[in-house]
> 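Below you will find the structure I want to go over with you.
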Amino acid sequence: MLRVYNTATRKVEDFKSIEENKVGMYVCGLTVYNDMHLGHARTYIAFDVIRRWLEFSGYEVNFIQNHTDIDDKIIKKANQENVSFEDITNKYIERTQDDLEKLQVKTPTSMPKATDYIVEMVSIIEDLIEKGNAYVTDPVEGAFAPDVYFDVISASDKFGTLTGQRLEDMRAGSRVAIDNRKKHPADFVLWKGAKEGEPSWSSPWGKGRPGWHIECSAMSLKYLGKQFDIHGGGIDLKFPHHESEVLQTECHTNHSPMANYWIHSGHLTINNEKMSKSLDNFFLVRDVMKEYSAPVLRFYLLNGHYRSPIDFSDSNLEESLSAYKRLEGVYNRLESVNKSGEQEPEELVSAISLCKSGFSEAMNDDFNTREALAVIFQFSRLVNSYELEKLTIDLQRKILDVFEKLGGVVLGLFTKTEIGSEFKVQIEELISQRNIARVAKDWELSDSIRDKLMSLGVEIQDTSEGTSWKLI
RNA sequence: GGUGAGGUGGCAGAGCCCGGCUAUGCACGCGACUGCAGAUCGCGACCACGGGAGUUCGAAUCUCUCCCUCACCA
């Protein structure tokens with residue numbers, strides 16, 4: 001039985017999907033005006049693994065992750081670079097998808113972009129105005145059309161679903177400047193009247209563009225309906241973004257809750273401060289990936305619980321690299337054994353099912369990837385204590401299957417690199433030359449060939465069984 | 001002022017809901033393999049839970065209290 005921590009109730013709950021064997025899941029995507037940093041990567045890898053585990057457990061997952069492609073920051077950047085906002089968003093949508101793919105994140109079922117759903121947003125806003133949950137204000141200075149705000153007092157019974165905050169306890173002006181056009185300081189914008197030179201869409205209130213929160217309400221409603229299973233995102237989105245989504249969507253649909261489980265991933269911190277664009281302490285995924293592969297990065301991020309903060313540092317990544325190599329080593333050896341024997345040790349056979357059940361137990365306990373990895377490591381140590389080529393082929397395959405399914409399919413570790421056959425021949429040629437030199441005890445030649453292989457990115461290993469190699 | 005999350009061996013951060021052997025990885029020590037080095041593998045040691053008090057036969061885990069860190073708040 002899968003148990004999941006629900007931010008809305010602050011409790012770990014039994015997971016039950018609305019429709020049997022199916023899960024609808026919405027995760028808030030990026031505002032596409034910049035490259036993805038590691039903090040984002042953490043969120044998307046966390047939800048990727050959640051999705052993979054659900055699928056592995058037999059659910060068909062409809063996984064929606066949007067692109068926020070209209071926003072003040074995008075407009076600002078477009079103006080700075082003197083290009084259209086679409087030039088910015090198209091570029092970063094492509095780069096975001098590229099980064100996700102490189103991180104071995106499974107492609108979402110759909111990745112809608114906000115600007116394709118303006119009509120839906122307008123109709124939700126119209127409905128909210130009609131119901132008395134939203135109101136039209138005067139245009140802001142410099143704008144030629146009015147704004148529309150959500151009236152939090154009209155839905156004060158719903159306020160605090162996620163944050164547990166009461167309206168009266170909130171501190172005015174701490175993040176956003178006080179605006180006296182609003183009825184209540186917590187009222188948030190649904191529609192922004194356009195200013196000169198800004199991208200805009202027609203609406204009953206004149207030209208303008210949607211507010212941030214309404215985008216996700218419209219897209220989740222469109223793709224998953226008025227009530228779906230899981231809504232996720234980074235913990236920083238809990239307030240105000242998700243809180244606002246709940247208010248808008250539920251007032252519009254007259255249906256509560258919009259999502260049965262709210263799941264939020266923890267921050268990635270750096271020197272114990274959150275990694276963010278605004279603090280300017282971020283590392284871009286594409287930069288870090290020049291040095292560390294996707295499995296190493298994933299290992300590092302999955303080595304803590306998805307809700308706990310993880311502190312980023314070079315030495316922590318380096319540590320993950322060493323740890324991951326240990327796992328990868330067993331996996332590679334299993335993959336490349338080409339002999340088999342007669343042994344089927346009882347201890348090893350039963351360890352397979354123990355590993356599987358331990359892994360499941362960990363994952364079912366609110367996706368405890370850290371514990372799941374510990375189970376795999378324990379299994380690895382036992383596997384390593386046997387000589388693989390003496391095991392029956394059947395047992396070898398069963399062990400490999402554990403690594404492929406749990407480590408590969410569920411956690412998204414291990415990468416199969418396709419090696420060109422020409423390159424392979426070249427490597428094997430060099431190794432045999434080196435072995436000739438070794439037999440002749442020509443250590444100078446032998447070592448120079450080893451260095452050459454190293455420069456090609458090939459690491460070799462001399463064992464009593466001969467020389468093996470792998471790409472690094 | 002409010003709200004939420006945290007403080008665990010040298011380092012990392014699972015275990016806490018549901019009290020009883022705690023794991024896991026890195027680093028460390030020893031050994032195996034090797035022409036050597038690295039890499040790899042095995043074994044071992046460290047025996048920790050922010051401070052204080054309480055409950056209990058027994059507390060990392062429950063209760064109270066104090067200290068500290070981080071995040072969010074129109």
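The structure presented is a predicted model; accordingly, all values stated were derived computationally and were not measured.
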> Specify the residue among Y324(A) and S385(A) whose closest nucleotide of RNA chain B lies further upstream toward the 5′ end.
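Going by which nucleotide is closer to the 5' end, it is Y324(A).
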> Taking atom P of U24(B) as reference, at what distance in whole Å does atom CG of L406(A) sit?
18 Å
> Less than 5.5 Å between centroids and less than 30° between ring planes, does F377(A) satisfy that with G25(B)?
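By the stated criterion, F377(A) and G25(B) do not stack.
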> Rounding to an integer number of Å, can you tell me how far R370(A) CZ sits from C16(B) P?
14 Å
> How long is the gap from CZ on R209(A) to CD1 on I70(A), to the nearest 0.5 Å?
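Here the rounded value is 6.0 Å.
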> Measure the NE2-CD1 distance between H231(A) and I263(A) for me, rounded to the nearest 0.5 Å.
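It is 11.0 Å, given to the nearest 0.5 Å.
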> Could you check whether D447(A) gets within reach of a base, just the sugar-phosphate, or nothing at all, counting any heavy atom under 4.0 Å?
base
> Tell me which nucleotide among C17(B), C26(B), C41(B) gets nearest to the side chain of V12(A).
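Closest nucleotide to the V12(A) side chain: C17(B).
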> Using atom C1' of each nucleotide, how far apart are G50(B) and G7(B) to the nearest Å?
6 Å
> OP1 or OP2 of U24(B) versus the side-chain N and O atoms of R381(A): is any pair under 4.0 Å?
yes
> If I pick the C1' atom on A27(B) and the same atom on G44(B), what distance separates them, to the nearest angstrom?
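Between the two C1' atoms, the distance is 15 Å.
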> Quick one: on RNA chain B, does L327(A) or R307(A) contact a more 5' nucleotide (nearest heavy atom)?
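Its nucleotide being nearer the 5' end, the pick is R307(A).
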> Considering only atom P, compute the distance from C21(B) to A48(B) and round it to an integer number of Å.
13 Å
> Does OP1 or OP2 of A39(B) have a side-chain N or O of R326(A) closer than 4.0 Å?
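Negative; the distance criterion is not met.
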> Roughly, in whole Å, what's the span from CG in D366(A) to C1' in G15(B)?
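For the pair D366(A) CG and G15(B) C1', the rounded distance is 14 Å.
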> May I ask you to say whether R181(A) pairs ionically with D138(A), meaning some side-chain N is under 4.0 Å from a carboxylate O?
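Salt bridge absent between R181(A) and D138(A).
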> Does K131(A), at its NZ atom, have more than 12 non-hydrogen atoms belonging to other residues, nucleotides or ligands within less than 6.0 Å?
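More than 12 within 6.0 Å, yes.
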> Is the NZ or CZ atom of K405(A) both under 6.0 Å from the centre of the six-membered ring of F56(A) and within 45° of that ring's axis?
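Judged by the rule (NZ or CZ under 6.0 Å from the ring centre, within 45° of its axis), K405(A) is not positioned above F56(A).
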> Consider the side chain of S322(A), meaning its heavy atoms from C-beta on, and name the nucleotide among A27(B), G35(B), U24(B) that approaches it most closely.
A27(B)
> Please measure how far the C1' atom in A45(B) lies from the corresponding atom in C72(B), and state the result in whole Å.
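Result for the C1' pair: 44 Å, nearest Å.
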> Could you tell me how far G19(B) sits from C62(B) if I compare only their P atoms? Round to whole Å.
9 Å
> If we take the P atom in both C30(B) and C68(B), what is their distance in whole Å?
44 Å
> Taking only the side-chain heavy atoms of P309(A) (C-beta and beyond), determine which of A5(B), G13(B), G25(B) contains the nearest atom.
A5(B)
> Counting only side-chain N and O atoms of N303(A), is one of them less than 4.0 Å from OP1 or OP2 of A12(B)?
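Checking A12(B) against N303(A), no side-chain N or O comes under 4.0 Å of OP1 or OP2.
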> Ignoring hydrogens and geometry beyond distance, is the side chain of T7(A) in donor-acceptor contact with the base of G4(B) at under 3.5 Å?
no
> Roughly how many Å is it from CZ in F299(A) to C1' in G13(B), rounded to a whole number?
12 Å
> Just to be sure I understand the rule, does R434(A) reach a base, reach only the sugar-phosphate, or reach nothing, if contact means heavy atoms closer than 4.0 Å?
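Base contact.
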> Are K238(A) and U3(B) close enough that a side-chain N or O sits under 4.0 Å from OP1 or OP2?
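K238(A) to U3(B) OP1/OP2: no side-chain N or O under 4.0 Å.
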> Tell me whether the side-chain N or O atoms of R450(A) pair up with the base of A37(B) as donor and acceptor below 3.5 Å, since no angle test is needed here.
yes
> If the C1' atom of U22(B) is compared with that of G15(B), how far apart are they to the nearest Å?
8 Å
> Within the structure shown, what part of the strands sits under 4.0 Å from K274(A) by heavy-atom distance: base, sugar-phosphate, or nothing?
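Sugar-phosphate only.
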> How long is the straight-line distance from CE of M289(A) back to CE of M36(A), given to the nearest 0.5 Å?
10.5 Å
> Output yes when E328(A) and K325(A) qualify as a salt bridge under the 4.0 Å nitrogen-oxygen rule, no when they do not.
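Salt bridge absent between E328(A) and K325(A).
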> Calculate the interatomic distance between D314(A) atom CG and C26(B) atom P; express it in whole Å.
18 Å
> Select base, sugar-phosphate, or nothing to describe what Q378(A) touches, counting heavy atoms under 4.0 Å on all strands.
sugar-phosphate
> What stems, by residue range, does RNA chain B take part in, given at least 3 consecutive Watson-Crick or G-U pairs under 3.5 Å?
B:1-7 with B:67-73, B:10-12 with B:24-26, B:28-32 with B:40-44, B:50-54 with B:62-66
> Tell me the interatomic distance from L268(A), atom CG, to G13(B), atom P, rounded to whole angstroms.
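Rounding to the nearest Å, CG of L268(A) and P of G13(B) are 11 Å apart.
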> Does K277(A) pair with D280(A) as a salt bridge, N-O distance under 4.0 Å?
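Here K277(A) does not pair with D280(A) in a salt bridge, since their nearest N and O are not under 4.0 Å apart.
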> Without hydrogens or angle criteria, can the side chains of Q248(A) and S217(A) be said to hold a donor-acceptor pair below 3.5 Å?
yes
> Using whole Å, what does the distance between atom C1' of nucleotide A12(B) and atom CG of L302(A) come to?
15 Å
> Tell me whether D365(A) is salt-bridged to R3(A), with the criterion being a basic N under 4.0 Å from an acidic carboxylate O.
no
> Output the rounded distance in Å from CZ (F379(A)) to P (C41(B)).
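To the nearest whole Å, that distance equals 15 Å.
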> Sticking with atom C1', work out how far C16(B) lies from U63(B), rounded to a whole angstrom.
14 Å
